[in-house]
Amino acid sequence: MLNTNSEYLRPEIMDVLRAFDCEEEHFTHYFEYAGGKFFNSIEYGGGFYDFENEAEAETELIFRRLAKRYCKLAFYKVISKFKGGLVWGALTGIRPTKLAYAEQAEGRDFKDLFKEMDVTARKTELVGRILETQNGIYGKGGVDLFISIPFCPTKCDYCSFITAPVSATREYIDGYIDCLVREIESVKPYLKNLKSIYIGGGTPFVLSVDDLRRVYTALDGLNAVEYTVEAGRPDVFSEEKLDLSKRFGVTRICVNPQSFNDGTLVAIGRRHTAAQTVEAYRLAEKYGFDVNLDLIAGLADETVSDFEKSLRAATELNPANVTVHTLSLKSGAKLKERVKRLNIAGISDMVDLSDKLLTAAGYSPYYLYRQKYQAGGLENVGWCKTGKACAYNIGVMEEVSDNIAVGANAISKKLFGGDRIERYATPKDLPTYINKIDRIIEEREKLFNE
């Protein structure tokens with residue numbers, strides 16, 4: 001239970017308490033800013049702790065940013081005395097790299113801030129490596145286009161997306177694609193400086209060839225250097241779908257096995273095998289696509305050895321990209337109905353091993369993000385071969401380019417300079433999305449005409 005005299009700081013404090021799994025413990029907090037100093041006083045476990053940080057806050061924006069930072073740091077210092085430190089220290093945001101860029105823009109070395117926030121040297125170095133890999137891609141502006149295909153063969157145990165088994169939503173597919181085509185046509189005036197196209201899911205390849213062709217046809221003629229289809233699970237791949245993708249200009253395909261252990265795949269609700277992953281990869285490779293493989297650390301009681309098997313299987317295939325996610329507990333997922341918190345033995349070792357093995361195999365980290373309720377308070381990292389970083393992932397994660405997103409549960413972003421970003425989200429529910437398509441088109445146009 002938290003008592004504080006500054007309610008606007010409550011979300012920041014709760015992020016720290018959540019990271020230490022002590023949301024239900026009793027804390028009393030007093031905050032004050034006076035004479036260029038930030039004061040935080042905390043009562044916890046029968047003790048009283050006072051913190052003072054001196055810093056000038058020339059604007060309201062800077063004041064709020066510093067107030068949040070020093071408040072989180074104060075709580076982190078208190079709780080870590082009892083429970084030990086965290087690898088990301090007092091940083092609780094989902095984009096550590098964005099914070100690093102902000103520090104550099106102000107002429108400061110981000111490593112100094114990360115040290116102050118008690119981030120480990122290993123994670124600080126990881127952020128530095130990502131900034132190096134993004135050099136030449138970051139900050140180029142332009143527009144990214146996202147197309148949502150919210151259909152899957154089955155719903156995985158850990159998934160919180162709106163996706164449902166395609167068999168249960170088939171009645172909506174025709175109407176959904178009709179709306180998707182209308183949306184794509186409506187946003188074409190805003191795609192003059194198009195950088196990348198990303199068709200994500202869900203599992204886009206769960207669509208029939210004819211349905212997939214309708215989506216591709218609506219996008220035909222758009223000139224994007226990078227064109228990704230998150231094809232998805234290996235059991236929905238076919239030569240016909242890959243050939244169609246190639247003919248419509250797709251350059252990058254994502255194969256999402258999550259694990260190369262057959263027992264794990266059964267446990268999480270997948271209907272494919274590791275052998276089918278290899279087969280899907282070879283098919284995609286045959287057509288000359290850059291291929292990304294997705295893996296998740298911490299699935300279904302896997303050991304470090306189990307995860308190492310998946311890492312080695314992935315690197316042996318030698319894809320352009322490997323994305324390593326750390327399992328996260330998400331609202332709406334079946335997993336969260338059974339588990340309150342993820343305490344996975346060896347999870348840090350799994351993530352450290354991915355760094356070691358992927359680096360040795362010639363990959364560099366190129367983007368990173370974190371999520372709430374993530375096992376071990378860790379992170380998700382995209383790895384790439386030289387020259388094969390996905391520009392879409394960098395643009396959307398670092399928020400350095402406009403993102404126009406169409407389809408259900410799609411969030412468009414428009415950048416206005418400085419820290420101002422305006423967002424527009426479409427409904428998650430398929431019938432609601434279909435019924436409101438006229439309003440969706442109208443409201444998005446208002447945002448991008450502003």
Side-chain angles (χ1 to χ4, degrees), residues 1-55 57 63-96 99-100 103 109-127 298 326 328-329 339-352 370-379:
M1 178 180 176
L2 171 66
N3 294 312
T4 177
N5 72 324
S6 299
E7 283 300 315
Y8 78 93
L9 292 175
R10 181 179 291 273
E12 307 298 322
I13 299 170
M14 293 307 298
D15 280 345
V16 179
L17 303 191
R18 187 180 302 113
F20 283 102
D21 192 23
C22 57
E23 301 102 307
E24 304 302 321
E25 297 185 42
H26 185 81
F27 295 85
T28 298
H29 169 243
Y30 175 80
F31 170 79
E32 182 182 10
Y33 178 71
K37 295 180 180 180
F38 293 82
F39 297 95
N40 285 279
S41 296
I42 300 169
E43 179 185 355
Y44 171 64
F48 295 87
Y49 307 89
D50 296 321
F51 300 90
E52 176 184 308
N53 299 93
E54 186 172 356
F63 165 75
R64 295 181 74 87
R65 181 186 302 146
L66 292 176
K68 292 175 182 179
R69 177 181 299 172
Y70 293 132
C71 174
K72 288 193 293 187
L73 184 57
F75 271 86
Y76 175 82
K77 286 182 175 180
V78 171
I79 302 172
S80 63
K81 287 179 179 291
F82 296 88
K83 299 179 181 288
L86 304 172
V87 293
W88 285 100
L91 292 188
T92 59
I94 68 171
R95 296 181 175 90
L99 180 59
E103 286 296 291
D109 187 342
F110 79 89
K111 294 177 184 177
D112 293 335
L113 173 60
F114 278 39
K115 184 177 181 179
E116 179 184 11
M117 301 299 280
D118 201 37
V119 179
T120 64
R122 189 184 188 103
K123 298 306 178 187
T124 302
E125 179 192 18
L126 176 62
V127 170
T326 305
S328 181
L329 205 55
V339 178
K340 180 181 177 182
R341 187 174 179 87
L342 294 170
N343 294 306
I344 299 172
I347 191 66
S348 292
D349 292 334
M350 294 181 198
V351 172
D352 289 348
R370 301 177 65 212
Q371 296 170 285
K372 291 183 179 180
Y373 302 107
Q374 198 155 25
L378 293 161
E379 69 279 343

So, do [X] and [Y] sit near enough that their side-chain heavy atoms are less than 4.5 Å apart?
X	Y	answer
Glu25	Leu17	no
Lys77	Tyr49	no
Cys71	His29	yes

Between [atom1] on residue [X] and [atom2] on residue [Y], distance to nearest 0.5 Å:
X	Y	atom1	atom2	answer
Thr120	Glu125	OG1	CD	9.5 Å
Ser348	Leu378	OG	CG	4.5 Å
Tyr44	Phe75	OH	CZ	11.0 Å
Thr4	Ile13	OG1	CD1	4.5 Å
Ser41	Glu52	OG	CD	10.0 Å
Phe110	Thr124	CZ	OG1	6.5 Å

Which of these, Phe63, Phe39, Phe38, sits in a ring-ring contact (aromatic ring centres under 6.0 Å, His included) with Tyr70? Phe38
State, to 0.1 Å, how close [X] and [Y] come at their nearest heavy-atom pair, and which atoms those are.
X	Y	answer
Tyr373	Arg18	OH-NE, 3.0 Å
Ala55	Tyr33	O-OH, 3.5 Å
Gly298	Met350	N-SD, 3.6 Å
Val127	Ala100	CG1-CB, 3.8 Å
Phe27	Cys22	CE1-O, 3.7 Å
Arg69	Leu99	NH2-CD1, 4.1 Å

List the residues meeting side-chain hydrogen bond (donor to acceptor under 3.5 Å, both in side chains) with Glu54, not counting sequence neighbours, and say none if there are none. none
Partner residues of Glu43 under the side-chain hydrogen bond (donor to acceptor under 3.5 Å, both in side chains) criterion, sequence neighbours left out: none
So if I apply the side chain to side chain contact (heavy atoms under 4.5 Å, CB included) rule between Arg122 and each of Asp352, Val351, Val87, which one comes out positive? Asp352
Taking side chain to side chain contact (heavy atoms under 4.5 Å, CB included) as the criterion, tell me which of Asp50, Asn40, Asn5, Ile42 meets it with Tyr30. Asn5
Trace of the side chain to side chain contact (heavy atoms under 4.5 Å, CB included) decision for Phe51 with Leu73: CA-CA 9 Å; Phe51 300 90; Leu73 184 57; over 6 Å; no
Would you mind writing out the side-chain donor-acceptor pairs for residues 111-119 within the sub-3.5 Å range, not counting sequence neighbours?
| residue | atom | partner | partner atom | Å |
| --- | --- | --- | --- | --- |
| Asp118 | OD2 | Tyr76 | OH | 2.7 |

Begin from the C-alpha positions of Arg370 and Thr326 and carry the test side chain to side chain contact (heavy atoms under 4.5 Å, CB included) through to its verdict. CA-CA 9 Å; Arg370 301 177 65 212; Thr326 305; over 6 Å; no
Under the side chain to side chain contact (heavy atoms under 4.5 Å, CB included) rule, what do Ile94 and Gln371 come out as? Steps first, then yes or no, please. CA-CA 6 Å; Ile94 68 171; Gln371 296 170 285; 5.7 Å; no
